[in-house]
Amino acid sequence: MTDASATQKGSVRVRFAPSPTGYLHVGGARTALFNWLFARKERGTMILRIEDTDAERNKPELVTGIIEGLKWLGVSWDEGPYYQSQRTELYREMAKKCLANGSAFRCYCPPEKYVGGDHAEEGAEDAKVRRVARCTCRDGKPSSPETKPALRFKVPAGGTTKFFDAVFGGREFSNDEIKDFVLLRSGKEGEEFGQAMYQMSVVADDIDMRITHVIRGADHISNTPKQVLLYRALGAEPPVFAHVPLILGPDKSRLSKRHGATDVNVYRREGFLPEAFRNFLALLGWAAGGDEEFFRTKELVEKFSLDGVSRTNGVFDRAKLEWFNTQYLQKLPIEDLLPQVEEQLKQDGLWKEEWAAGAGREWFSRTVDLLRPRVRLLPDFGSWSRAFFSDEFTIDPAAKAKFWKDEKVPILLAKLAEALAGLTEWNHDACDHASRKVAEEAGVKAGLLINATRVAIVGQAVAPPLFDTMVVLGQERVVRRLRAVVIGFAK
RNA sequence: GGCGCUAUGGUGCAACGGUUAGCACGCGGCCCUUUCAAGGCCGAAAUACGGGUUCGAUUCCCGUUAGCGCUACCA
């Protein structure tokens, strides 16, 4: 359902245009992702543009968080980043073009006394003719010629402005409802005009960058007719718009800090996998059309389309995000997971160089593979499964209380330690047989011994199957840990 | 207030005039079991309301209600 007049394949150009707030908001992240998916799907060009025209906060370092977040998410760009703060001349030129061709005017009204925008009281008998008020400046009658003027767009009287939205369909707005918006702020001492306003700079850039599809948040729907008017005034053809619904918090209000993290990098630091986060985000407000919801990046690109985008705002559901993460933790090719675990262990100070290659790498791979079904977030590798990577770990008191309460546990563990020490072969079955034999001879259920042993060798009540764990830990460590526990009991 | 957008279980999505309204998360139960997950099976749970149009509406139209957005010389 995309506009037929839009583009030939290959010429698609889209952009992600955040303002530098210091971090990448999950809503922005999804907009960026949709732009990126669309660009890849259409073999087009993705552009990153920083909208930093706000004079006050205009620090380049505020952009780093956004770029970091995008990179983590796997969203790349072919051009940019461009900075609007470095393109101000373009905006003024385009604005002056509007002044020259009569589609803009100098407005001398002091901002606080501007009368336009309010509803005029015309047509008393018929409510339908309500329209926005216009100030006299637009008709060449300066309200107070001594003040420095701003440049305002002269919205046509009457008529409507239409545009095509690939998500919401054809839209039409009455011009009489659109106020004469400011293109250029009034200037300081020497200059004629000041900084360009948002509507002016986006349109100028989108024209200049030959953007074909504007994919952005639905909060811009109401801005769109103004921008379309500007395109026309500048003699340019408007692009196809695609407004993406907003992301809400659990209470259905717009997602904000009080709902928890809105910064993508917080999720990165919490240990979510980018693959999982991306899949989750893609499905918030978009569906391929069927019941499938597991998509690797490649499939996402293949299946993405603008008319699969929903028109309803969606709630950010952290529980589902976590579910996606556990799924990816289990299903990701192990070689894609390993580097991420490695990074985590480095952060935790548990990493050993011997795991980087060769036999050490193999061991590392087997161990991560064993652990992954029970991990929820990356940091779990260094915390609850710490005993797999370090001899320095503590035994969880709750685990002791749960599995060491039987009085036979000390003697059982002592016997097991010696049985295992005597093993000449160290593999799953050997450990299994030796352990069950100890339990049998002591006349207890194998489960009692198995659970108690798990606590002794990994310090946790929750861990992978015991005999697999033993194999990975190795005979020496298992026996040593058991003996240490037995000595502890004796004291 | 004005203008606009939206409306399927608690949540995310399917069904784009004809289905016993489907899937997933979450929730409850059962199975499996060596802890905990995973996995398997079962269950509770939805078309906001009211009018039309139609042989037939979740689907199309109108109204109501609700939520959200915009309403700056912010972006």
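It should be emphasised that the depicted structure is a prediction, and the values quoted were computed from it without experimental measurement. The chains referred to below are lettered A, B, ... by the order of the sequence lines, with proteins before strands, and numbering in each begins at 1.
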J.: Quick one: label A:Gly217 by what it contacts on the DNA or RNA (base, sugar-phosphate, nothing), any heavy atom closer than 4.0 Å.
T.: nothing
J.: Tell me if the side-chain of A:Ser222 makes a donor-acceptor pair with the base of B:rC3, cut-off 3.5 Å, by modelled atom types.
T.: no
J.: Contact class for A:Phe403 vs. all strands (heavy atom < 4.0 Å): base, sugar-phosphate, or nothing?
T.: sugar-phosphate
J.: Output the rounded distance in Å from NZ (A:Lys331) to C1' (B:rA37).
T.: 14 Å
J.: What is the nucleic acid contact for A:Gln327, judged by heavy atoms within less than 4.0 Å: base, sugar-phosphate only, or nothing?
T.: sugar-phosphate
J.: For residues A:His243 and A:Asp219, is any side-chain donor paired with an opposing acceptor at under 3.5 Å?
T.: no
J.: Nearest whole angstrom, please: distance from the P of B:rC36 to the CG of A:Asp396.
T.: 14 Å
J.: Within the 4.0 Å heavy-atom criterion, would you say A:Ala319 contacts the bases, only the backbone, or no part of the nucleic acid?
T.: sugar-phosphate
J.: Measure NZ/A:Lys226 against P/B:rC74 and give the value in whole Å, please.
T.: 13 Å
J.: Could you check whether any side-chain heavy atom of A:Gln340 comes within less than 4.5 Å of a side-chain heavy atom of A:Pro274, counting everything from C-beta outward?
T.: yes
J.: Using the C1' atom as the reference point in each nucleotide, state the distance between B:rC32 and B:rA37 in Å, no decimals.
T.: 13 Å
J.: Are A:Arg185 and A:Glu191 ion-paired here, with the side-chain N under 4.0 Å from a carboxylate O?
T.: no
J.: Heavy atoms under 4.0 Å, any strand shown: does A:Glu322 hit a base, just sugar-phosphate, or nothing?
T.: nothing
J.: I need the CZ-C1' distance between A:Arg318 and B:rG12, as an integer number of Å.
T.: 17 Å
J.: Would one find a side-chain N or O of A:Lys252 under 4.0 angstrom from OP1 or OP2 of B:rU11?
T.: yes
J.: I want to check one thing: is the phosphate of B:rA75, taken as OP1 and OP2, less than 4.0 Å away from some side-chain N or O of A:Arg185?
T.: yes
J.: Look at the side chain of A:Lys320 and decide which nucleotide, out of B:rC13, B:rC25, B:rC68, has an atom nearest to it.
T.: B:rC25
J.: Any salt bridge between A:Arg15 and A:Asp206, counting N to O under 4.0 Å?
T.: yes
J.: Check the side chains of A:Tyr91 and A:Thr53 for a donor-acceptor pair under 3.5 angstrom, ignoring hydrogens and angles.
T.: no
J.: Could you give the distance separating B:rA48 and B:rC36 at their P atoms, to the nearest angstrom?
T.: 42 Å
J.: Do NZ/NE/NH1/NH2 and the carboxylate oxygens of A:Lys320 and A:Glu322 come within less than 4.0 Å?
T.: no
J.: Give me the distance, rounded to whole Å, that separates B:rC74 from B:rG52 when you measure between the C1' atoms they each carry.
T.: 45 Å
J.: Answer with yes or no whether A:Arg311 presents, from its side chain, a donor or acceptor under 3.5 Å of a partner atom in the base of B:rC5.
T.: no
J.: Please report the distance separating the P of B:rC60 from the corresponding atom of B:rG67, rounded so that it comes out in whole Å.
T.: 24 Å
J.: For the side chain of A:Thr312, starting at C-beta, report the closest nucleotide among B:rC73, B:rC3, B:rC13.
T.: B:rC13
J.: Is it true that A:Ser19 and A:Thr21 share a donor-acceptor pair across their side chains at a distance under 3.5 Å?
T.: no
J.: Within less than 4.0 Å of OP1 or OP2 of B:rC70, is there a side-chain N or O belonging to A:Arg254?
T.: yes
J.: Does A:Arg454 have a side-chain nitrogen or oxygen under 4.0 Å from the phosphate oxygens OP1 or OP2 of B:rU34?
T.: no
J.: When you get a sec, tell me which of B:rC36, B:rA75, B:rG69 is the closest nucleotide to the side chain of A:Gln84?
T.: B:rA75
J.: Looking only at N and O atoms, is any donor in the side chain of A:Asp291 or the base of B:rG22 less than 3.5 Å from an acceptor on the other one?
T.: yes
J.: Does anything in residues 460-469 of chain A come within less than 4.0 Å of RNA chain B? Heavy atoms only, and list the residues if so.
T.: A:Ala461, A:Val462, A:Ala463, A:Pro464, A:Pro465, A:Leu466, A:Phe467
J.: Closest to the A:Arg374 side chain: B:rU34, B:rC73, B:rC36?
T.: B:rC36
J.: Looking at A:Asp380 and A:Arg374, is there a salt bridge between them, counting it only when a charged N and a carboxylate O are closer than 4.0 Å?
T.: no
J.: Choosing from B:rA75, B:rU34, B:rU6, which nucleotide comes nearest the side chain of A:Ser19?
T.: B:rA75
J.: Could you measure between the two C1' atoms, the one in B:rG69 and the one in B:rG51, and give it in whole Å?
T.: 28 Å
J.: Is there a side-chain contact between A:Arg171 and A:Thr224 (heavy atoms, below 4.5 Å)?
T.: no
J.: Output the rounded distance in Å from CZ (A:Phe193) to P (B:rC73).
T.: 15 Å
J.: Taking atom C1' in both B:rC61 and B:rC68, compute the distance separating them and give it to the nearest angstrom.
T.: 24 Å
J.: Base, sugar-phosphate or nothing for A:Gly194? Non-hydrogen atoms, less than 4.0 Å.
T.: nothing
J.: Using the C1' atom on both, measure B:rC13 against B:rU58 and round to a whole Å.
T.: 14 Å
J.: Using the P atoms only, state how far B:rU59 lies from B:rU6, rounded to an integer number of Å.
T.: 15 Å
J.: Could you check how far CG of A:Asn313 sits from P of B:rG4, rounded to whole Å?
T.: 18 Å
J.: May I ask you to decide if the ring planes of A:Phe324 and A:Phe294 are parallel, tilted or perpendicular, using 30° and 60° as cut-offs?
T.: tilted
J.: Would you say A:Thr53 reaches B:rA75's phosphate, i.e. side-chain N/O to OP1/OP2 under 4.0 Å?
T.: yes
J.: Take A:Asp432 and A:Pro250, find for each the nucleotide of RNA chain B with the closest heavy atom, and name the residue whose nucleotide sits nearer the 5' end.
T.: A:Pro250
J.: May I ask you to decide whether A:Arg436 forms a salt bridge with A:Asp432, counting only side-chain N to carboxylate O separations under 4.0 Å?
T.: yes
J.: Taking the side chain of A:Met197 as heavy atoms from C-beta outward, which of B:rU34, B:rA72, B:rG69 is closest to it?
T.: B:rA72
J.: Whole angstroms only, please: what is the CZ-P distance between A:Phe324 and B:rA38?
T.: 15 Å
J.: If you assign A:Ile450 and A:Phe168 each to the RNA chain B nucleotide with the nearest heavy atom, which residue ends up on the more 5' nucleotide?
T.: A:Phe168
J.: Flag this pair as yes if the NZ/CZ of A:Arg87 is under 6.0 angstrom from the six-membered ring centre of A:Tyr82 and inside a 45 degree cone about the axis; otherwise no.
T.: yes
J.: Taking the inter-plane angle between the rings of A:Phe181 and A:Phe153 on a 0 to 90° scale, is it parallel (under 30°), tilted (30 to 60°) or perpendicular (over 60°)?
T.: parallel
J.: Looking only at the side chain of A:Tyr198 (C-beta and beyond, no hydrogens), which of the listed nucleotides B:rU35, B:rA75, B:rA38 gets closest?
T.: B:rA75
J.: Dot-bracket for RNA chain B, 5' to 3', with Watson-Crick and G-U pairs under 3.5 Å, [ ] for crossing pairs and | for other-strand pairs: what is it?
T.: (((((((..((((....[...)))).(((((.......)))))....(((((..]....))))))))))))....
J.: Establish, with yes or no, whether the OP1 or OP2 oxygen of B:rG4 is under 4.0 angstrom from a side-chain nitrogen or oxygen of A:Arg171.
T.: no
J.: Could you give the NE2-to-P distance, from A:His243 to B:rG4, as a whole number of Å?
T.: 16 Å
